[in-house]
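One structure is given here, and the rest of the page talks about it.
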Amino acid sequence: MIKIIAVLCSLSSPANCHEQIVTTSDFADISTQSCLMGAPQLAEWMKEHPAERLAGWRCVIGKQDGRRT
């Protein structure tokens with residue numbers, strides 16, 4: 001499984017950032033190469049969330065949940 005995890009910051013409060021799983025290969029056609037190059041899924045997801053700014057993303061392969069505590 002490949003997951004795209006975005007680092008998102010609120011436009012109204014730029015210091016307020018969090019990680020969010022944008023999609024997984026279970027729901028979209030994601031290859032490791034497309035994920036590393038900025039998968040089109042990120043652009044589509046950002047269109048649906050205009051109040052947030054994409055600060056970065058990472059690709060996770062495997063069962064890791066992507067949350068840091």
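Excluded from the calculations below are hydrogen atoms, water molecules and symmetry mates; all remaining heavy atoms, backbone and side chain alike, are included. Quick caveat: nothing in here was measured; it's all calculated off a predicted structure.
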Glu19/Arg58 under side-chain contact (heavy atoms from CB on, under 4.5 Å): CA gap, chis, key distance, verdict: CA-CA 10 Å; Glu19 289 187 341; Arg58 61 190 170 97; 3.0 Å; yes
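In this structure, Glu52 and His18 approach most closely via the heavy-atom pair OE2-CE1, 2.8 Å. Closest approach of Pro14 to Cys9, counting heavy atoms only: O-CB, 3.7 Å. Here the closest non-hydrogen pair linking Pro50 and Leu11 is O-CD1, 3.2 Å.
A distance of 9.0 Å separates CE of Met46 from CZ of Arg53, quoted to the nearest 0.5 Å. Summarising the geometry, atom CG belonging to Leu42 is positioned 5.0 Å from atom CD1 belonging to Ile4; distances are rounded to the nearest 0.5 Å.
Hydrophobic cluster membership differs between Val7 and Ile5, with clusters built from Ile, Leu, Val, Met, Phe, Trp and Tyr side chains linked at under 4.5 angstrom.
Side-chain contact between Leu8 and Leu54 is present, with at least one heavy-atom pair separated by less than 4.5 Å.
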